[in-house]
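First the structure, in the form of structure tokens, and then the observations on it.
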Amino acid sequence: MPVWAQQAELRLNPELGVETAVSHIADLSAYPFIDASRNHVIMNDADWTHLRARFSGADTACVRILHIGDSHIQAEGSTSRVRYHLQQLYGGAGRGLIAPLRLAGTNAPSDYVIRSNTPMKSSRLLKMPRAIETGFSGVSVAPATGSEYDISVSCGDSFDCIRIYTTGAASPELLSVSPDVSAAYLSPAPGVADVLLTQPETTLTLHLKGAAPLTAIELLRGDSGVEYSAIGNNGATYSSYNALPEFASAAARLNPDLIIVSLGTNEAFGRVSSDDMRMHIHTLVSDLRRHNPHASILLTTPQECYRRTYTRRKGRRRRTRTYTVNPNIERIRTAIMEYGASENIPVYDWYAISGGGGTASKWVSSRLMNTDRIHLTWDGYHLMGDMFADALVREILSQSQSDSNDSSESD
């Protein structure tokens with residue numbers, strides 16, 4: 001297998017192992033190479049007044065966050081921690097978006113399960129050709145034969161509403177729910193169906209009619225608190241989401257108040273110029289803004305990682321595999337930073353916060369970065385999520401704290 005194909009395989013099918021439960025926040029003093037002094041959102045003169053107001057009213061209304069990314073997001077090692085911290089502070093409005101990732105033949109987060117005994121056709125964002133239409137989550141599944149299939153969902157967080165998303169104009173049609181619970185069925189828009197429960201549940205089996213490809217399910221609870229949804233796809237780039245038909249308009253059905261975009265790692269393994277990178281960012285951001293005019297947008301930068309290289313020993317056929325720092329990561333990070341500054345879009349500079357250039361080796365030796373030297377370990381992702389949540393909360397609270405200080409000074 002060529003070197004480029006092997007590196008692509010690592011990014012499309014990461015070996016992350018089994019996630020370990022964690023309830024504590026990592027002691028950063030154990031990792032002096034991490035620059036905690038830079039752990040803040042660079043606002044770039046953006047106005048988050050509306051977003052801060054939404055969070056201040058989270059006790060009576062739902063605040064919705066959508067996090068878009070690649071393999072660093074698909075397994076939800078970091079976003080699960082951000083969700084946990086925000087919901088601890090502001091209350092929980094449900095697990096949010098889940099996708100039939102395992103049914104589509106790829107890895108999935110550990111806190112939910114979607115199963116089916118029905119033979120399925122499937123599609124994934126970067127798998128060509130696609131057997132069926134791919135939905136906004138980046139994956140879709142549909143029965144290969146017959147007109148019915150069962151989907152079982154289970155999650156530690158209870159839910160009292162299930163919103164089903166399918167591709168195409170036809171709305172999914174519900175036949176029954178088991179166990180036998182009282183439920184109401186609504187179809188608020190094409191390709192969307194709501195199952196309203198009279199009491200919270202943690203496990204349900206849905207019996208759906210028709211062969212419309214399923215792309216996602218949203219697990220909701222109550223009408224206040226924070227809902228934190230993630231759309232992550234292994235190998236994804238800005239351009240791959242741009243190429244997904246109606247991605248931004250379909251994602252707008254989640255009604256996000258904040259959209260976070262964490263991409264750039266995979267571009268660094270290709271031949272994307274800095275100008276093209278800024279163009280790809282602009283295309284996605286402009287589309288998201290057009291369909292979500294009231295949503296705030298936040299970009300993040302990728303951290304330093306490695307790429308594989310091979311050297312052939314003189315006079316021998318045998319090649320030696322080594323790892324070298326991927327020099328394109330810093331260039332991609334610069335493009336994201338420059339775009340955010342020019343368009344007044346906040347940026348969370350994880351590249352600098354994680355230590356910047358020359359620190360990937362320290363992440364590996366500290367067992368925060370996986371042996372593939374691209375993905376993090378679960379400890380690394382959990383640390384990343386804890387730090388991001390801290391920076392996000394401090395920025396959300398900053399204006400109210402400023403107002404409080406001004407009030408105290410006037411007294």
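Heavy atoms only: backbone and side chains are in, while hydrogens, waters and symmetry mates are out. Source: prediction; values computed, not measured.
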Starting at [atom1] of [X], measure out to [atom2] of [Y] and round the result to the nearest 0.5 Å.
X: Y90; Y: C62; atom1: OH; atom2: SG; answer: 14.0 Å
X: N234; Y: H375; atom1: CG; atom2: NE2; answer: 6.5 Å
X: L89; Y: L397; atom1: CG; atom2: CG; answer: 7.5 Å
X: I164; Y: E218; atom1: CD1; atom2: CD; answer: 11.5 Å

Indicate the atoms forming the closest heavy-atom contact of [X] with [Y], along with that distance.
X: E304; Y: V325; value: OE2-CG1, 3.5 Å
X: C161; Y: L196; value: SG-CD2, 3.5 Å
X: K127; Y: R130; value: O-CG, 3.4 Å
X: S78; Y: M384; value: CB-SD, 4.2 Å
X: T265; Y: I374; value: CG2-CG2, 4.3 Å

| query | Taking side chain as C-beta onward, heavy atoms only, is H280 less than 4.5 Å from T237? | reply | no
Test item: [X] side-chain N/O and [Y] main-chain N/O as donor-acceptor pair under 3.5 Å:
X: S240; Y: A236; answer: no
X: S123; Y: A131; answer: no
X: Y241; Y: G69; answer: yes
X: Q74; Y: N107; answer: yes
X: Q87; Y: V226; answer: yes
X: N44; Y: I345; answer: yes
X: N242; Y: L284; answer: yes
X: R221; Y: P200; answer: no
X: T215; Y: V139; answer: yes
X: S366; Y: W363; answer: no

| For R163, salt bridge (Lys or Arg N to Asp or Glu O under 4.0 Å) partners two or more places apart | D194
Checking [X] now: which residues fulfil ring-ring contact (aromatic ring centres under 6.0 Å, His included) with it, not counting sequence neighbours?
X: Y238; result: none
X: H282; result: Y339
X: Y112; result: none
X: F136; result: Y165

| query | Should we say atom NE2 of H50 is surrounded by more than 12 heavy atoms from elsewhere, each under 6.0 Å from it? | reply | yes
| said: More than 12 heavy atoms of other residues, nucleotides or ligands under 6.0 Å from CG of D45: yes or no? | reply: no
| note | So salt bridge (Lys or Arg N to Asp or Glu O under 4.0 Å) across residues 343-369, not counting sequence neighbours, yields R333-D349
Without hydrogens or angle criteria, can the side chains of [X] and [Y] be said to hold a donor-acceptor pair below 3.5 Å?
X: D275; Y: S273; value: no
X: Y306; Y: D372; value: no
X: E246; Y: S249; value: no
X: D379; Y: T377; value: no
X: H67; Y: S262; value: yes

| task | May I have the step-by-step check of side-chain contact (heavy atoms from CB on, under 4.5 Å) for S224 and T60, ending in yes or no? | result | CA-CA 5 Å; S224 63; T60 58; 5.6 Å; no
| query | Do NZ/NE/NH1/NH2 and the carboxylate oxygens of E395 and R52 come within less than 4.0 Å? | reply | yes
| note | The single option from R83, R95, R64 that satisfies salt bridge (charged side-chain N to carboxylate O under 4.0 Å, His left out) with E227 is R64
